[in-house]
2 protein chains.
Amino acid sequence: MATLEDVARHAGVSLATASRVLNGSTRQVGAAMRQRVESSAAKLGYRVDAAAQTLARGASNVVGVVIQDLTDPYFAAIADGAIRAADRHGMVVTLGTTYRDPEREIALVATLNAQRARAVLIAGSRVADETVLRRLRAELDVYRAAGGRVAVIGQDVLGTGTVAPLNREGAYDMAVALARLGHRRFATLAGPPNLLTAIDRAEGFASALSDLGLRPPLEVHGAFDRDGGYDAACELLAMRGDVTCVFAVNDVMATGALAAFRENGVHVPHDLSLAGFDDIASLRDLVPSLTTVRLPLARMGSLALDLALADDGVPRRESVGGEVVLRDSVRPVTG
Amino acid sequence: MATLEDVARHAGVSLATASRVLNGSTRQVGAAMRQRVESSAAKLGYRVDAAAQTLARGASNVVGVVIQDLTDPYFAAIADGAIRAADRHGMVVTLGTTYRDPEREIALVATLNAQRARAVLIAGSRVADETVLRRLRAELDVYRAAGGRVAVIGQDVLGTGTVAPLNREGAYDMAVALARLGHRRFATLAGPPNLLTAIDRAEGFASALSDLGLRPPLEVHGAFDRDGGYDAACELLAMRGDVTCVFAVNDVMATGALAAFRENGVHVPHDLSLAGFDDIASLRDLVPSLTTVRLPLARMGSLALDLALADDGVPRRESVGGEVVLRDSVRPVTG
DNA sequence: CTGTTAGCGCGTTCAT
DNA sequence: ATGAACGCGCTAACAG
């Protein structure tokens with residue numbers, strides 16, 4: 001591989017001049033030399049060495065993105081937004097996946113610190129576990145002490161820049177919208193009992209019912225994924241009582257629930273209404289189409305990068321609201 | 001940020017010793033010193049500088065993955081497989097997205113070359129455009145000349161390691177399976193006319209019909225995504241004739257087609273059978289469930305990394321077969 | 001506008 | 001088993 005020095009020699013100029021023309025310095029270089037350097041670089045197939053640049057500059061151009069599962073469209077959409085934003089900044093994304101294991105989250109932050117990533121974005125719900133949280137915080141602290149910028153997409157429990165989806169509020173609004181359609185008796189497919197996102201959404205939903213003077217929802221817990229929704233829905237069917245409307249705390253769970261209901265001969269929305277949360281694009285062609293709370297996932301990813309890069313010590317917090325989207329999976333209660 | 005030298009000084013040992021204990025050298029270090037170094041490193045919050053390591057070693061631990069669109073579950077699944085494999089090798093993935101623009105593909109390879117990525121994996125169909133292909137090949141050549149390893153997932157047109165899905169064969173098998181159900185008159189939602197994957201699948205399908213002595217399928221082109229399938233399906237409806245079964249060259253297009261058919265009152269599979277290709281997991285809950293050709297997407301991603309890392313000059317090629325999965329979106333022709 | 005030179009943090013000979 | 005010293009490729013003063 002040709003080095004800058006090779007190019008400089010080949011062009012008959014100094015190292016510094018070659019550096020100035022090839023790698024964005026603000027300094028000016030005469031047209032003749034610039035020409036010579038450029039053609040030498042082309043001829044030799046010169047490519048900068050980013051590692052050397054990082055070392056010399058003391059700053060890399062990578063941003064780390066930590067998500068839980070790339071095959072979950074929720075995270076894919078967020079990562080996509082982050083990648084596009086990084087792209088606009090001329091930065092490169094190294095993407096890490098935790099497989100929903102908080103330990104891996106910590107390890108990834110360490111790795112990204114080693115890369116001297118300019119920023120680290122962490123997406124995914126925090127777990128209500130103080131000890132693992134403390135260790136993550138510690139790892140983030142050493143990263144930030146070294147000048148690293150951090151933003152999370154989710155709960156603001158790390159003292160970092162935060163893009164906070166209004167989970168509680170969105171679920172609250174959803175409950176109000178569903179009650180307005182005449183529903184009085186609800187169930188919640190509530191996700192894992194220790195996942196903050198799931199908790200917030202379930203609580204927001206319940207609190208709206210309470211404000212409306214309705215009975216608290218039946219709550220069934222389950223994993224935060226498609227199969228969790230399926231299982232929870234099956235469990236619900238065994239004890240449904242007079243429930244007319246089911247709120248799943250995310251679309252992926254709602255998808256599983258839909259399948260479970262169908263397999264058990266329960267027709268949505270005729271026999272039971274169903275709502276989700278997130279508005280995952282690739283799920284828009286489900287039948288019936290899912291009523292949900294739309295979150296601007298890609299924008300959340302790019303916003304997180306902006307927040308992280310703007311981090312000047314006083315972490316900013318940006319809330320993003322969700323909008324209730326009524327589709328075919330719910331119907332008014334008649335009579 | 002603490003450097004190795006800081007740690008060495010703090011532990012009262014030489015730089016070399018500190019390096020040996022902290023960063024996997026094969027050399028042995030006495031237990032006492034090892035202990036001291038480790039506790040100093042912990043106390044100072046030392047984290048290796050990957051850039052410095054890369055420079056000193058002359059090799060990075062990043063692998064580049066180039067895909068077209070992260071929100072397309074096909075690519076997300078492949079990238080997921082690649083990330084898991086990289087993880088097992090202790091490597092880190094920088095993920096680049098082309099937005100289906102071949103120019104971006106070239107730029108990304110250059111960027112990854114700059115990172116001195118140990119391997120570059122490129123997923124996504126080649127386009128039948130010689131000039132852009134030549135330029136991509138040229139960029140890959142300078143990367144490979146510098147010792148970079150490359151593997152593509154798709155057509156073997158770059159002279160690199162290749163994970164080749166058996167598109168032609170899978171589509172052929174699908175046609176045979178559908179004909180066995182009694183279908184005699186087919187249409188193909190064929191994707192863009194210059195996309196090799198789309199071409200191979202459409203041709204494989206047609207060639208089976210020909211072998212079976214059936215009429216060639218009606219062909220309608222469209223973008224390789226959900227909306228392309230939707231549009232193509234609409235077009236097809238205007239000229240359908242006696243077609244009883246539609247083959248979309250991928251599941252995402254089939255999803256769009258399903259929506260188009262439904263909106264136009266055409267019931268699948270009652271009025272029309274529909275098949276796709278890929279077996280995207282997140283689409284398995286569509287109703288009716290999609291008949292498709294299953295591809296082991298995650299494995300293709302990890303296989304690509306293996307191929308790339310094994311690259312010793314003579315690029316290997318690994319074909320991966322697809323398996324026809326019959327589901328509810330097709331039904332036998334009765335009478 | 002151009003050239004010289006001193007590091008950036010670490011791996012790795014080569015001595016000891 | 002341990003340490004001293006050089007070099008990886010590049011940027012950024014500084015000098016001219």
Side-chain angles (χ1 to χ4, degrees), chain A residues 1-38 40-41 44-62 111 113-118 142 146-148, chain B residues 1-38 40-41 44-62 111 113-118 142 146-148:
Chain A
M1 177 100 265
T3 72
L4 229 206
E5 191 172 348
D6 297 335
V7 174
R9 184 175 16 245
H10 184 278
V13 303
S14 75
L15 226 193
T17 299
S19 170
R20 295 197 264 255
V21 1
L22 293 176
N23 308 319
S25 163
T26 53
R27 305 280 292 263
Q28 292 302 308
V29 171
M33 295 208 146
R34 145 161 278 118
Q35 192 47 251
R36 288 224 306 281
V37 171
E38 276 166 352
S40 292
L44 298 178
Y46 170 77
R47 295 293 178 277
V48 238
D49 184 324
Q53 246 176 346
T54 296
L55 194 57
R57 294 213 244 251
S60 80
N61 72 332
V62 345
T111 300
N113 190 347
Q115 315 280 339
R116 297 300 185 264
R118 280 260 281 278
V142 352
Chain B
M1 177 99 265
T3 72
L4 230 206
E5 190 172 349
D6 297 336
V7 174
R9 188 180 8 251
H10 185 276
V13 303
S14 76
L15 224 191
T17 299
S19 170
R20 295 197 263 256
V21 0
L22 293 176
N23 308 319
S25 163
T26 54
R27 304 280 294 264
Q28 290 303 308
V29 171
M33 296 209 142
R34 146 160 278 119
Q35 191 47 250
R36 288 225 305 279
V37 172
E38 275 167 352
S40 293
L44 298 179
Y46 170 76
R47 296 290 179 278
V48 237
D49 183 323
Q53 247 176 349
T54 296
L55 194 56
R57 291 212 246 253
S60 79
N61 72 331
V62 344
T111 300
N113 190 347
Q115 314 280 336
R116 297 299 185 266
R118 280 260 281 279
V142 353

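Everything quoted here is computed from the prediction, not taken from an experiment. In what follows, chains carry the letters A, B, and so on, assigned in the order in which the sequence lines appear, proteins first and then strands, with residues in each chain numbered from 1. Heavy atoms only: backbone and side chains are in, while hydrogens, waters and symmetry mates are out.
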Taken to the nearest whole Å, CD/B:Gln115 to C1'/D:dG9 is 14 Å
Separation of D:dG3 atom C1' from B:Leu4 atom CG, nearest Å, is 14 Å
One should read off an interatomic distance between B:Arg116 CZ and A:Arg47 CZ, to the nearest 0.5 angstrom, of 9.5 Å
Taken to the nearest whole Å, CD/A:Gln35 to C1'/C:dC1 is 17 Å
Could you list the protein-to-nucleotides 4-7 of chain C atom pairs, N/O on both sides, closer than 3.5 Å?
none

B:Asp6 atom CG is separated from C:dC8 atom P, nearest whole Å, by 11 Å
| request: For residues B:Leu22 and B:Val48, determine if any side-chain heavy atom of one lies less than 4.5 Å from a side-chain heavy atom of the other. | output: no
To the nearest angstrom, the CD-C1' distance between B:Glu5 and C:dG11 comes to 14 Å
Taken to the nearest whole Å, CZ/A:Arg116 to P/D:dC10 is 20 Å
>> So B:Val21 and B:Met33, do their side chains get closer than 4.5 Å, heavy atoms only?
In response: no
Contact between B:Ser60 and B:Gln115 at the side-chain level, heavy atoms closer than 4.5 Å - yes or no?
no
Numerically ordered, the residues 46-53 of chain B set in heavy-atom contact under 4.0 Å with DNA chain C is B:Tyr46, B:Val48, B:Asp49, B:Ala52, B:Gln53
B:Arg57 atom CZ is separated from C:dT12 atom P, nearest whole Å, by 6 Å
Taken to the nearest whole Å, CG/A:Leu22 to C1'/C:dT2 is 15 Å
Would you call A:Tyr46 and A:Asp6 a side-chain contact if the rule is heavy atoms closer than 4.5 Å?
no
- Query: Taking only side-chain nitrogens and oxygens of A:Asn23, does any of them come within less than 4.0 Å of OP1 or OP2 of D:dT11?
  - Reply: yes
**OP:** Apply the test side chain to side chain contact (heavy atoms under 4.5 Å, CB included) to residues A:Thr17 and A:Val29: give CA-CA distance (whole Å), side-chain angles for both, the deciding distance (0.1 Å), then the verdict.
**Re:** CA-CA 7 Å; A:Thr17 299; A:Val29 171; 4.1 Å; yes
Heavy-atom nearest nucleotide on DNA chain D taken for B:Ala31 and for A:Thr3; more 5' hit belongs to B:Ala31
request  = Classify the nucleic acid contact of A:Gly30 as base, sugar-phosphate or nothing, counting any heavy atom under 4.0 Å across all strands shown.
outcome  = sugar-phosphate
Sorted by chain and residue number, the side chain to side chain donor-acceptor pair (under 3.5 Å) partners of B:Thr54 (sequence neighbours excluded) come out as none
Would A:His10 and A:Val37 count as a side chain to side chain contact (heavy atoms under 4.5 Å, CB included) here? Give the steps.
CA-CA 8 Å; A:His10 184 278; A:Val37 171; over 6 Å; no
- Check the pair A:Arg118, A:Val62 against side chain to side chain contact (heavy atoms under 4.5 Å, CB included), reporting the backbone distance first and the verdict last. CA-CA 6 Å; A:Arg118 280 260 281 278; A:Val62 345; over 6 Å; no
